[in-house]
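The block underneath contains the structure these notes are about, expressed in structure tokens.
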There are 4 protein chains.
Amino acid sequence: MIFGSDNMLGASQQVLDAIVRANAGLAASYGADDWCAQATAELAKVFECQVDVFYVSTGTVANSLALSALVPPWGAVLCHHQAHIINDESSAPELFTGGARLIPINDRAGKLQPQALRDALAGAPHPPHNVLPRALSLTQASECGLVYSQEEVSALAAIAHDHDLRVHMDGARFANAVASLDCSPADVTWRAGVDVLCLGASKNGALMAEAIVFFDPELAEDFAYRVKRAGQMGAKGRFFGAQFCGWLQDDHWLSMAGHANAMAQRLEAALLKLPGVRATWPVQANEVFVLMPTALATRLRGAGAVFYDWHLNALPPGVTRQDDESFVRLVCGFGTQVEQIDALVAAAG
Amino acid sequence: MIFGSDNMLGASQQVLDAIVRANAGLAASYGADDWCAQATAELAKVFECQVDVFYVSTGTVANSLALSALVPPWGAVLCHHQAHIINDESSAPELFTGGARLIPINDRAGKLQPQALRDALAGAPHPPHNVLPRALSLTQASECGLVYSQEEVSALAAIAHDHDLRVHMDGARFANAVASLDCSPADVTWRAGVDVLCLGASKNGALMAEAIVFFDPELAEDFAYRVKRAGQMGAKGRFFGAQFCGWLQDDHWLSMAGHANAMAQRLEAALLKLPGVRATWPVQANEVFVLMPTALATRLRGAGAVFYDWHLNALPPGVTRQDDESFVRLVCGFGTQVEQIDALVAAAG
Amino acid sequence: MIFGSDNMLGASQQVLDAIVRANAGLAASYGADDWCAQATAELAKVFECQVDVFYVSTGTVANSLALSALVPPWGAVLCHHQAHIINDESSAPELFTGGARLIPINDRAGKLQPQALRDALAGAPHPPHNVLPRALSLTQASECGLVYSQEEVSALAAIAHDHDLRVHMDGARFANAVASLDCSPADVTWRAGVDVLCLGASKNGALMAEAIVFFDPELAEDFAYRVKRAGQMGAKGRFFGAQFCGWLQDDHWLSMAGHANAMAQRLEAALLKLPGVRATWPVQANEVFVLMPTALATRLRGAGAVFYDWHLNALPPGVTRQDDESFVRLVCGFGTQVEQIDALVAAAG
Amino acid sequence: MIFGSDNMLGASQQVLDAIVRANAGLAASYGADDWCAQATAELAKVFECQVDVFYVSTGTVANSLALSALVPPWGAVLCHHQAHIINDESSAPELFTGGARLIPINDRAGKLQPQALRDALAGAPHPPHNVLPRALSLTQASECGLVYSQEEVSALAAIAHDHDLRVHMDGARFANAVASLDCSPADVTWRAGVDVLCLGASKNGALMAEAIVFFDPELAEDFAYRVKRAGQMGAKGRFFGAQFCGWLQDDHWLSMAGHANAMAQRLEAALLKLPGVRATWPVQANEVFVLMPTALATRLRGAGAVFYDWHLNALPPGVTRQDDESFVRLVCGFGTQVEQIDALVAAAG
């Protein structure tokens with residue numbers, strides 16, 4: 001009954017097999033190996049275009065490094081006020097961008113709305129006294145477990161580009177979003193105006209691997225220097241490549257994400273049948289956010305369930321937590337099984 | 001016949017097995033798992049003392065982060081002019097220390113000499129106009145494949161401490177040094193005055209794992225913030241822990257290093273029998289540095305051998321490369337086999 | 001009719017005289033001169049305590065450097081959402097703190113309220129994933145021209161200290177606040193819990209000089225290194241000292257500030273008599289914020305008046321700008337004369 | 001008898017008069033005033049070309065900011081091992097460049113030699129593992145008081161440009177060099193390949209003012225952001241402009257520098273007549289380096305003379321200090337008078 005985070009699982013068997021396979025023999029170091037080359041070729045197919053790809057070990061460094069290619073040290077990145085980059089990555093963005101600023105947009109709609117972005121960009125800037133907004137960061141799936149449609153990404157990216165901002169997508173759960181939308185990965189990235197995607201594999205079946213995918217080769221020009229300088233040019237780069245090879249093969253990544261999404265749907269349905277549990281956000285990816293009686297939350301945890309209380313400012317507008325309620329998040333992953341959901345329901349007694 | 005670097009090999013079977021074992025089931029994220037706890041307990045045994053340990057993905061980030069705990073942004077790190085931190089890690093040290101400086105000591109003796117260190121520290125400093133030397137970085141085994149004895153480390157560390165410098169050890173090949181010295185790891189680290197050791201496993205049988213080992217708990221106080229901010233707090237931290245568990249178990253790390261050292265001895269002996277090959281530095285760890293006729297180097301490479309030309313400023317004093325000679329480095333690893341050495345000799349024909 | 005900013009004036013005659021006097025002869029460089037020593041002794045008298053003082057050339061660098069002594073690179077500074085440090089100093093705070101973050105508090109009360117600060121500090125922090133709040137920055141006089149009383153500073157500082165935050169005061173208009181409160185400078189600084197004050201002279205009669213005044217000697221310990229590294233250790237430091245000597249002598253600084261405040265009162269009274277002009281914030285220092293018919297603003301500017309439109313999010317709660325209104329700020333300085341105010345009224349026709 | 005440094009003098013009367021003149025009335029803030037505009041127009045005449053000019057308060061910040069426009073954070077700046085930027089500016093270069101590295105060239109010839117530069121650039125670089133040399137910094141007049149001729153600057157700049165390095169000139173004593181060469185300022189800057197000059201006025205008659213002069217407009221594109229972010233966009237920018245107006249008017253800067261140079265010649269001649277005093281470097285600008293009996297140095301200082309012992313590694317090749325000798329530097333400035341030199345000689349008794 002572990003619904004704490006999708007990163008509490010290990011790697012999928014297919015990814016692990018690829019690692020074991022890649023381990024045999026000698027290979028060029030620092031990413032100049034065949035596995036990385038093959039992974040990048042696969043990603044080009046997945047995204048139906050030329051891509052420049054860099055492999056790193058965590059989502060935090062992926063996001064921060066990608067942003068460093070988009071904004072100067074006197075620039076700013078606009079993002080949702082609940083974005084992982086502003087809430088959960090310490091000041092890594094400041095470190096890797098050389099001191100650029102994150103500007104939170106206080107949007108309560110669960111994903112960024114065009115008007116909120118326009119408001120944030122309004123007002124006569126006063127250069128060089130202010131920081132200079134130069135990037136928009138979107139999280140797909142969003143901070144509240146919602147998924148941006150192609151139209152929604154396009155609308156936001158168009159506003160961004162109109163203001164000389166580049167568009168970064170934090171895709172820690174990109175696989176879940178694509179599985180949910182059932183669209184081409186290209187449709188919700190470069191075709192919709194995304195300039196760089198941080199494609200997360202670690203939360204969805206990899207051991208430790210993230211890909212920074214540039215759709216604009218100019219942005220990637222000096223990027224190897226940034227990767228090296230961040231201490232991310234792993235000597236045995238083949239293991240990043242191998243993970244992605246295993247992850248992408250036969251749409252494994254989408255199967256895993258689809259499974260996690262389905263489990264989340266099932267979990268939500270089961271929870272909503274329990275007395276006193278109230279829906280908050282619709283479940284569109286692999287995260288379930290509900291209000292539940294605190295007594296119930298306590299009982300479930302007492303029975304061994306793991307899930308986190310969530311930030312109250314992430315509640316939908318108009319929804320208020322009662323004194324005896326808890327606002328909680330439950331996450332499903334590639335390894336979540338029906339039995340765990342059944343056990344949770346049983347524990348609710 | 002791959003003698004290019006010890007990082008061209010994959011992981012040892014024992015390390016890989018530990019990863020596979022750790023993959024099963026759920027685990028707490030971000031290093032709060034049992035594998036990391038066990039690895040740290042093992043390291044405490046290995047070093048015969050309390051240690052604060054942080055696991056990261058590369059040697060570059062290990063060194064840079066460790067140094068950031070020793071020197072302020074207006075400080076300086078003294079190191080050998082051939083040190084990996086100054087030659088091969090881009091400006092990662094500057095990034096992670098917030099702009100501290102590396103000061104090269106032009107010592108030609110293959111490892112730092114006390115007098116050279118004293119000279120570098122001489123002269124009336126002029127604070128706050130100058131940068132402030134606050135750390136000494138030693139590489140064990142050294143840049144020329146030599147090993148610092150306990151007495152040598154102690155002598156250097158004593159000078160450093162007398163000048164208010166802390167002592168950092170870049171232990172990318174620490175295992176090879178310990179295997180060579182056949183001493184307790186404690187003897188050449190904290191007992192000799194080392195404050196923090198970057199213990200490299202990646203070059204010696206791990207897949208991707210380095211441990212930053214603090215012997216002074218004060219230095220480790222805020223270090224989790226540094227690790228997080230560097231994008232090194234891997235969600236699935238258990239895989240760092242697992243690698244070290246496998247690596248340390250039954251002195252596996254020392255066996256592998258001892259094997260690599262023995263292979264290097266054998267390789268040197270074989271090379272020196274070839275016509276025109278001249279020794280430069282004694283082989284004390286797993287690296288062999290020789291001068292060889294360029295024609296021979298070409299022939300060997302033509303037969304598939306991989307090894308690198310080396311920096312001429314790394315030649316011992318008094319040794320000069322002739323016009324028709326190449327100064328080359330050959331490295332043995334845990335997986336190097338006698339057959340490869342025999343094949344090399346055969347190729348020399 | 002120049003009410004654009006108090007920095008559009010030059011230096012007062014008394015300050016200029018001190019510069020001319022200090023120019024004669026030779027003096028030790030880098031702040032080791034008699035003028036700096038005397039200025040610091042005067043400041044100790046003004047603040048009735050031992051102080052560590054560092055002189056720099058701008059308010060931006062004063063604030064950023066002072067904050068760098070309070071927060072680590074993974075720390076955060078809480079401040080009013082209209083604070084100069086977050087709106088008008090580019091990313092200088094990030095540069096000098098090594099990448100710490102400014103967190104805006106969206107308080108609409110014209111100066112920070114204790115409850116808003118408590119709210120910003122509420123919620124279980126999640127170290128090391130979040131940035132760590134370690135400083136509160138207050139602006140005295142405030143962003144809306146209001147003045148914090150000793151009780152108000154004390155209340156905020158107490159909350160800050162309870163949460164392990166140090167207290168920074170941006171005193172670009174500190175003289176105006178003290179003149180308005182008619183209190184001892186000590187009362188609204190260290191006696192109320194302020195740890196470091198950036199005492200601005202440039203906006204109030206100096207040529208180019210700001211003093212960073214530490215009330216806690218520990219915070220000042222390494223500060224000379226920060227000043228040097230910021231390129232602020234001026235060779236001819238005596239000119240900073242001389243400006244402050246002239247500025248402090250015979251309470252010149254308070255006389256000038258008192259005059260500016262009185263002019264602001266008079267200006268407000270005159271403006272409020274004009275048809276359609278509406279008050280917004282009470283005038284407590286030297287800034288006047290009013291809503292006026294846009295037609296009037298246009299007429300005044302046509303007649304040569306200089307003043308700026310102001311940010312709408314700085315309006316008091318409940319006050320709304322009408323479509324035909326402008327929200328404007330007018331600033332008085334030590335050199336503002338009654339005739340200018342009369343001329344403005346006359347121009348209003 | 002103050003020969004410690006040229007920064008121990010105040011401002012010249014002509015510069016001071018300009019400040020006093022500029023003080024009257026109101027002016028636009030942040031450098032948008034008429035004085036700055038006029039100063040820049042004058043500099044365009046002086047350099048016979050379009051220039052982009054930014055005014056800052058110290059040489060340290062001028063050099064560091066200028067370099068930040070030339071090298072990325074993973075880049076390196078080559079400079080003489082005695083350069084002010086590497087020896088006397090703390091880690092300001094690292095701070096403002098975002099962590100780029102200074103690489104010292106151990107040239108003993110008193111000014112950089114083409115061969116030493118070529119050697120430093122030799123060797124196969126190994127990107128992105130190494131830092132990337134992207135700028136050469138020359139000091140004019142040099143660290144040993146020598147002056148680079150147009151041919152010498154051209155030769156070095158040509159090598160630099162051939163290797164994709166831009167050329168920075170630290171012109172803290174540029175006026176002395178031009179006065180010594182009696183050439184057009186353009187000849188030893190952009191016509192010889194200099195991309196950006198830090199033109200120092202503080203050491204030669206200004207109060208506190210340095211100009212960063214870009215000869216390539218592309219380098220200046222984002223520079224206002226760098227200046228602002230460095231806390232160098234002084235509110236009352238007119239005072240920088242006024243100083244340069246006064247400094248440049250009627251070739252005042254060259255007259256002052258010429259006087260200082262002449263005094264240095266005279267001082268050297270007088271010193272060399274004293275028993276036991278030995279020349280080291282020829283006097284080409286306003287600095288005198290000699291070896292003198294330590295007993296003499298003590299006697300002179302006892303009589304009130306101020307001058308500094310100098311770094312032994314700045315001695316010319318082949319010249320060795322005897323045990324009873326001191327290697328000392330004496331500096332003349334715009335205000336040095338014959339009487340001081342006579343008094344020094346008299347004190348030598």
Side-chain angles (χ1 to χ4, degrees), chain A residues 2 4-13 15-16 19-20 22-30 33 56-65 88-96 98 172 202-203 206-208 225-240 306 333 335, chain B residues 2 4-13 15-16 19-20 22-30 33 56-65 88-96 98 200 202-203 206-208 225-240 306 333 335:
Chain A
I2 308 293
S5 176
D6 26 13
N7 61 30
M8 293 171 138
L9 286 156
S12 79
Q13 193 58 45
V15 168
L16 201 60
I19 290 173
V20 173
N23 193 56
L26 294 139
S29 2
Y30 301 115
D33 61 277
V56 297
S57 65
T58 70
T60 292
V61 85
N63 285 327
S64 296
L65 277 181
D88 300 284
E89 307 191 351
S90 184
S91 56
E94 284 87 348
L95 174 63
F96 290 106
S202 300
K203 282 191 158 77
L207 189 145
M208 192 187 301
Y225 290 99
R226 295 187 183 275
V227 170
K228 172 70 195 179
R229 186 171 192 250
Q232 283 289 337
M233 193 157 279
K236 300 182 178 174
R238 68 170 112 168
F239 291 109
F240 286 140
V306 173
Chain B
I2 308 294
S5 176
D6 27 13
N7 61 30
M8 293 170 138
L9 285 157
S12 80
Q13 193 59 45
V15 168
L16 200 60
I19 289 173
V20 172
N23 192 56
L26 293 139
S29 5
Y30 301 116
D33 61 277
V56 297
S57 65
T58 70
T60 292
V61 86
N63 285 326
S64 296
L65 277 182
D88 299 285
E89 307 191 351
S90 184
S91 57
E94 284 86 347
L95 174 63
F96 291 107
S202 301
K203 281 189 158 76
L207 188 145
M208 191 187 303
Y225 290 100
R226 296 188 184 275
V227 170
K228 171 70 195 180
R229 186 172 192 249
Q232 283 289 339
M233 192 155 279
K236 300 182 176 174
R238 67 171 113 170
F239 292 108
F240 286 140
V306 172

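Numbers restart at 1 for each chain; the letters A, B, ... are given by sequence-line order, proteins then strands. The basis for the numbers below is simple: all heavy atoms, side chains too, and nothing from hydrogens, waters or symmetry mates.
Residue S29(B) comes nearest to N7(A) through the heavy atom pair OG-OD1, 2.9 Å, listed as atom of the first residue, atom of the second, then distance. Contact record, R229(A) with F96(B): O-CE1, 3.6 Å, taken as the closest heavy-atom pair.
Taking K228(A) as the reference, H129(D) meet the side-chain hydrogen bond (donor to acceptor under 3.5 Å, both in side chains) condition, with sequence neighbours excluded. In this structure V20(A) satisfies the side-chain contact (heavy atoms from CB on, under 4.5 Å) test together with L16(B), V20(B), sequence neighbours excluded.
Both the backbone and the side chain of M8(B) come within less than 4.5 Å of a heavy atom in chain A. In this structure, the portion of S57(B) lying under 4.5 Å from any heavy atom of chain A is its side chain and not its backbone. If you measure heavy-atom distances from A206(A) to chain B, the contacts under 4.5 Å come from the backbone alone.
Not a single donor-acceptor pair under 3.5 Å links the side chain of K236(A) to the backbone N or O of L207(B).
Between chain B and the options I2(A), L26(A), T58(A), V61(A), the largest number of non-hydrogen pairs under 4.5 Å is found for L26(A). Residue with the most contacts toward chain A among Y30(B), Y225(B), F239(B): F239(B) (heavy-atom pairs, distance under 4.5 Å). Put simply, of G335(A), S91(A), S64(A), the one with the most heavy-atom pairs under 4.5 Å next to chain B is S91(A). Chain B forms more heavy-atom pairs under 4.5 Å with one residue of A27(A), A235(A), S5(A) than with any other, namely A27(A). Counting heavy-atom pairs under 4.5 Å between each of A22(B), A28(B), A24(B), A230(B) and chain A puts A230(B) at the top.
Between E89(A) and M233(B), every side-chain heavy-atom pair lies at or beyond the 4.5 Å cut-off.
Rounding to the nearest 0.5 Å places CD of Q232(B) at 10.0 Å from OG1 of T60(A).
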